[in-house]
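The structure appears right after this line, and notes come after that.
Lettering of chains follows the sequences in order, A, B, ..., and the numbering in each one begins at 1.
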Protein chains: 2
Amino acid sequence: MATPVPRYRRLDRDERQEQILAVARRVFTELPYADVSTAAIARETGIQRGLIHYYFGTKRELFLTVVRDLMAQVAYDAPPIGDELSSDEVVDLCVTLFLDAAEANASTWFAALDAEGFGHDPELVKIVTKIRDATVERMLAVLRLPAPTGTLRAVLRTYSGLADSATREWLQTKTLTRTQVHTLLARTLVALITEIAPAVERS
Amino acid sequence: MATPVPRYRRLDRDERQEQILAVARRVFTELPYADVSTAAIARETGIQRGLIHYYFGTKRELFLTVVRDLMAQVAYDAPPIGDELSSDEVVDLCVTLFLDAAEANASTWFAALDAEGFGHDPELVKIVTKIRDATVERMLAVLRLPAPTGTLRAVLRTYSGLADSATREWLQTKTLTRTQVHTLLARTLVALITEIAPAVERS
DNA sequence: ATATCTATTGACGTATCGCCAATAAACCGC
DNA sequence: GCGGTTTATTGGCGATACGTCAATAGATAT
């Protein structure tokens, strides 16, 4: 008797999940959420559509998992906190690390920010906010400010908005060079911390 | 013979279109794009779904029409260019007008920015970019700068990003007051124009 | 009244998502 | 090796939403 040919390979959870996630990561960064069908992901993975729901529940949860993973990776590429540096050097380092991270993960970062219903989906907002806060905290740690207040944190979060749009000018519309964006972000950060944030605090 | 009761009122194009747009404006600002069905819009307007496609083609085109209209309205609420003001006063005025506009049209503005596939949809990007550029041009006009370069324009566009996220901190997460946001935006704008933009220019 | 125009309906085809019962691949005890 | 158990995987069903189009019927002019 010939050994019956298996109709499909049976993998264990982790392996299959990672396989699906690999495809999803790529596809979700290439196309907007609505233009990605679970059928397409299944096809490219070489499985049936139902399996995606078996592992991830809904399409949206799959997407959120992708975003979470990518964000975690961004956070993982954490800057080594340099010691014995002048204040300006620290700021420069900060900006350099940020721009490196942005360049490396641009497509995914923008994919998350551009995701459908961004401001409406609490879960998505939570994820991005978490990363933003983590970035802010790291900046605070590096900058060694005496007593960071809630207001300062808020101001630095708005700085993230500036950084995002500056990154877009650099990587998407290409109207600014990396050097220019660096200058912009570094100088603005200094101005924010030394002068503007205190002024906001007093308002 | 009794006069036959009309099964529907027949309106002319403009009237019906405006009627549909009125409903769409409201619904699209309340829910994310994907959660709005043309069926719901039709129901609330009191018409059949097909009519929406008859007038606007697709759901996305309807949405774009809504965004375009709202953006045009924002541009229409243009600040009267105040004359004979000190530089600081002009900046203050600028920020005040911006915050007024933001407060009035916050939900719609965010609806556009949070729209599905923002960075992927060229048409949507075009609309928002157009408004941003218009805002920048108006700032330039008000500020009466000698020779605005492309770089300066790019820097001011990134400032729009800062303004957006600052507005979110004020209106959405409520971690900053209007006064604080005002201080933040005014001071940053001054710093950008007088110091940072020239430095970026030299980079 | 009758004819013409076009706003409006209503139904059809297609795509996609979420769910779930049936299936079968792999593993375990014997 | 062999039957039993586990659970990864399939495949199909139902619901919902969008886009299209021929048929219908208000309104207006002749």
Side-chain angles (χ1 to χ4, degrees), chain A residues 1-24 27-28 30-66 115-117 120-121 123-124, chain B residues 1-24 27-28 30-66 115-117 120-121 123-124:
Chain A
M1 286 287 286
T3 309
V5 175
R7 296 217 285 231
Y8 55 86
R9 269 199 55 164
R10 188 192 161 109
L11 305 182
D12 41 33
R13 301 186 73 83
D14 297 343
E15 197 171 353
R16 186 63 82 188
Q17 286 191 18
E18 185 45 49
Q19 194 184 34
I20 296 174
L21 279 175
V23 174
V27 188
F28 276 129
E30 286 172 354
L31 295 173
Y33 178 83
D35 289 1
V36 174
S37 70
T38 57
I41 297 179
R43 191 177 344 108
E44 289 202 43
T45 313
I47 58 175
Q48 291 297 324
R49 209 171 49 80
L51 199 53
I52 294 179
H53 292 88
Y54 175 71
Y55 281 119
F56 298 96
T58 78
K59 176 187 172 189
R60 178 135 213 114
E61 287 176 63
L62 171 61
F63 175 72
L64 289 178
T65 305
V66 167
E116 168 199 316
H120 294 280
D121 186 328
E123 190 57 28
L124 196 50
Chain B
M1 285 289 285
T3 309
V5 175
R7 297 216 279 223
Y8 54 84
R9 268 199 55 158
R10 186 192 163 109
L11 305 181
D12 41 32
R13 301 186 74 83
D14 296 343
E15 196 172 354
R16 186 64 82 189
Q17 285 191 19
E18 186 46 49
Q19 194 184 35
I20 296 174
L21 280 175
V23 174
V27 187
F28 276 129
E30 286 172 354
L31 295 172
Y33 178 84
D35 289 1
V36 174
S37 71
T38 56
I41 297 179
R43 189 174 348 105
E44 290 203 42
T45 313
I47 57 175
Q48 290 297 323
R49 210 170 48 79
L51 198 53
I52 294 179
H53 293 88
Y54 174 71
Y55 281 119
F56 297 97
T58 80
K59 175 187 172 188
R60 178 137 215 111
E61 288 176 62
L62 172 60
F63 176 72
L64 289 178
T65 304
V66 167
E116 167 199 316
H120 294 282
D121 186 328
E123 189 57 29
L124 196 49

### Task
Go along nucleotides 1-9 of chain D 5' to 3' and tag each nucleotide: B for a protein heavy atom under 4.0 Å from its base, S when only backbone or sugar atoms are that close, - otherwise.
-----BBBB
### Query
Atom CZ of Arg60(B) and atom P of dA15(C): how far apart are they, to the nearest Å?
20 Å
### Query
Cation-pi between Arg60(B) and Tyr33(B): NZ/CZ under 6.0 Å from ring centre and within 45° of the ring axis?
yes
### Query
For Asp14(A), does its backbone N or O pair with a side-chain atom of Asp12(A) as donor and acceptor, under 3.5 Å?
no
#### Entry: For the student: nearest non-hydrogen atoms of Val66(B) and Ala24(B), plus distance
CG2-CB, 3.8 Å
### Atom-pair distance (CZ on Phe56(A); P on dC19(C)), nearest Å
16 Å
### Message
When you measure from the side-chain N and O atoms of Thr38(B) to the phosphate of dC18(D), is any distance below 4.0 Å, counting only OP1 and OP2?
### Response
yes
### Task
Provide, to the nearest angstrom, the distance between the CD1 atom belonging to Ile41(B) and the C1' atom belonging to dC18(D).
12 Å
### Atom pair distance, as rounded to whole Å: CZ in Arg49(A) and C1' in dT10(D)
12 Å
### Message
Rounded to whole Å, how long is the line connecting atom NE2 of His53(A) with atom P of dT10(D)?
### Response
14 Å
### Query
What closest approach, in Å, do Leu11(B) and Tyr55(B) show between heavy atoms, and which atom pair accounts for it?
O-OH, 4.5 Å
#### Entry: Donor-acceptor contact present, side-chain Lys59(A) to main-chain Val36(A), <3.5 Å
yes
### Query
Whole Å only: how far is the CG atom of Asp35(A) from the C1' atom of dC18(D)?
14 Å
### Counterpart residues, salt bridge (Lys or Arg N to Asp or Glu O under 4.0 Å), relative to Glu61(B) (two or more places apart)
none
### Message
Does a side-chain N or O of Arg7(A) approach OP1 or OP2 of dA24(C) to a distance below 4.0 Å, or not?
### Response
yes
### Atom-to-atom span, CD1 of Ile52(A) to C1' of dC19(C) - whole angstrom
15 Å
#### Entry: Protein-nucleotide distance (Lys59(A), atom NZ; dC19(C), atom P), rounded to Å
15 Å
